[in-house]
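Worksheet for the structure shown next.
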Amino acid sequence: MIADLHMHSTASDGALDPGALMRRAAAADVGLVALTDHDCLDGLAQAAATAEQLGMRWISGVELSAQWQGHTLHVLGYGFDPASAHLQQAMLAVRDGRWQRAEQIAQRLAAKRMPDALEGAMAIQLAAGSDPQSPPARPHFADWMVEAGHVRDRAEAFRKWLGAGKLGDIKQHWPELPEAIAQIRAAGGMAVLAHPWHYGFTRSKLRRLFREFAVAAGRGIEVVNGQQPVEQVAYLGKLCNEFGFLASCGSDFHHPDSPWMALGKMTALPADCQPVWDDPLFSR
Ligand code: MN
Ligand code: MN
Ligand code: MN
């Protein structure tokens, strides 16, 4: 059975709506599936209904942003109650924060003779099929700047205005790591650290993170993220067992035009890792 427990729909930054995403997963022979949009539960009902129609096992999922020692980390949640008022509330607070950030970016650009950036970025985002309730992000601002003739291309937009340390680089306040884990657990789910290799940490820092993740009642780590090199997977598999975590795997699919992140296409989980779907949460 192919399990793909990490993917995005138009409810966050994916290209396909939840129904189309589930149909594509079923066509790729995925048997166990989770939709894990960024800080958003809006796609879950449609994903669940379509997955059931297509005969796939489905579990609730989300990818929360969290902060840890000044870094932004991603925490996957599985098996929670999608109707949990507590979790819904937390997602709304994050969305408010994102709107505030988008407004601040637009104000700063207006002060640099680039007026109406928010409206422009929202139009770009709508044209891409995104949920109109979700605020535009920096790539949308970048595309608007190109369209409005303020820069030549997206790269210039980031280099001059939106990239790290530039005027549009406004830090968002995310929950601290233990708080993000607690939010998932309070809604009845389990927390899994997403793509531990992506943060660029040294091996000793990765170990420190794993220790703190375990202390905060994190239950697993994503040992396989897409078509990750076998050596990275083997290393994470070893750490996974050492810390007593369950192992998860997912494609992190966003767009059909990124062949290196295709649904259901992943490096194999090491045979000696215990998969997350062995947990009773997955067989409710
Ligand atoms: Mn994403
Ligand atoms: Mn992520
Ligand atoms: Mn992701």
Side-chain angles (χ1 to χ4, degrees), residues 3-18 20-22 24-25 30 33-44 47 59-68 71-78 80 91 94-95 97-98 101-102 121 124-125 128-131 134-143 154 158 162 172 174-175 177 180-181 183-184 189-201 206 209 213 218 220-228 232-233 236 247-267 276:
D4 191 338
L5 298 173
H6 190 160
M7 63 188 71
H8 300 271
S9 77
T10 45
S12 63
D13 58 350
L16 303 179
D17 68 55
L21 183 69
M22 291 301 114
R24 197 178 171 92
V30 172
V33 70
L35 169 63
T36 52
D37 276 310
H38 295 285
D39 308 296
C40 180
L41 311 178
D42 294 349
L44 294 182
I59 187 152
S60 59
V62 69
E63 183 172 20
L64 298 186
S65 306
Q67 47 197 36
W68 179 72
H71 306 277
T72 301
L73 305 182
H74 287 171
V75 181
L76 296 159
Y78 297 121
F80 52 85
M91 301 298 90
V94 167
R95 180 178 288 180
R98 284 189 159 161
R101 181 171 65 163
I124 297 266
Q125 192 193 17
S130 293
D131 177 351
S134 72
R138 282 183 290 169
H140 304 116
F141 280 103
D143 288 352
R154 217 189 228 213
F158 273 89
L162 302 170
Q172 167 122 13
W174 304 113
L177 183 64
I181 296 171
Q183 283 170 356
I184 294 165
M190 71 155 80
V192 171
L193 181 68
H195 42 62
W197 212 264
H198 286 201
Y199 308 117
F201 294 163
L206 208 52
L209 170 58
F213 195 74
I221 64 169
E222 190 177 53
V223 171
V224 172
N225 182 265
Q227 296 173 44
Q228 218 180 348
Q232 290 185 6
V233 168
L236 288 177
S248 187
C249 61
S251 62
D252 214 348
F253 176 88
H254 284 72
H255 302 280
D257 50 8
S258 307
W260 56 94
M261 283 167 127
L263 282 170
K265 295 270 186 302
M266 289 153 282
T267 311
V276 284

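Keep in mind that what you see is a predicted model, and the values were worked out from it rather than measured. Start at 1 with the first residue, then count along the sequence. Order of appearance sets the numbers: ligands from 1, and atoms from 1 within every ligand.
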H195 N/O/S atom closer than 2.8 Å to the Mn ion (ligand 3): no
Side-chain donor-acceptor pair under 3.5 Å between H195 and E222, yes or no?
no
**OP:** Using 2.8 Å as a strict upper limit, say whether an N, O or S atom of H38 approaches the Mn ion (ligand 1) that closely.
**Re:** yes
- For the Mn ion (ligand 1), does an N/O/S atom of D13 lie at less than 2.8 Å? yes
So the angle subtended at the Mn ion (ligand 3) by H8 atom NE2 and D252 atom OD1, rounded to 10 degrees, is 90°
Taking every heavy atom of P139 against every heavy atom of R154, the minimum-distance pair comes out as CB-NH2, 3.7 Å
Review point. Does the side chain of S9 come under 3.5 Å of the side chain of D17 through a donor N or O and an acceptor N or O?
Key: no
At the Mn ion (ligand 3), NE2 of H6 and OE1 of E63 open up to roughly (10° bins) 90°
Please confirm if an N, O or S atom belonging to H74, backbone or side chain, lies less than 2.8 Å from the Mn ion (ligand 3).
no
For the residue pair W68 and F201, is the inter-centroid distance of their aromatic rings smaller than 6.0 Å? yes
Of all the N, O or S atoms in H254, the one nearest to the Mn ion (ligand 1) is NE2
Across all chains, not counting sequence neighbours, the side chain to side chain contact (heavy atoms under 4.5 Å, CB included) partners of Q232 are W197, Q228, P229
Open item on the list: Looking only at the aromatic ring of each residue, does the gap between the centers of H198 and H74 stay below 6.0 angstrom?
Closed with: no
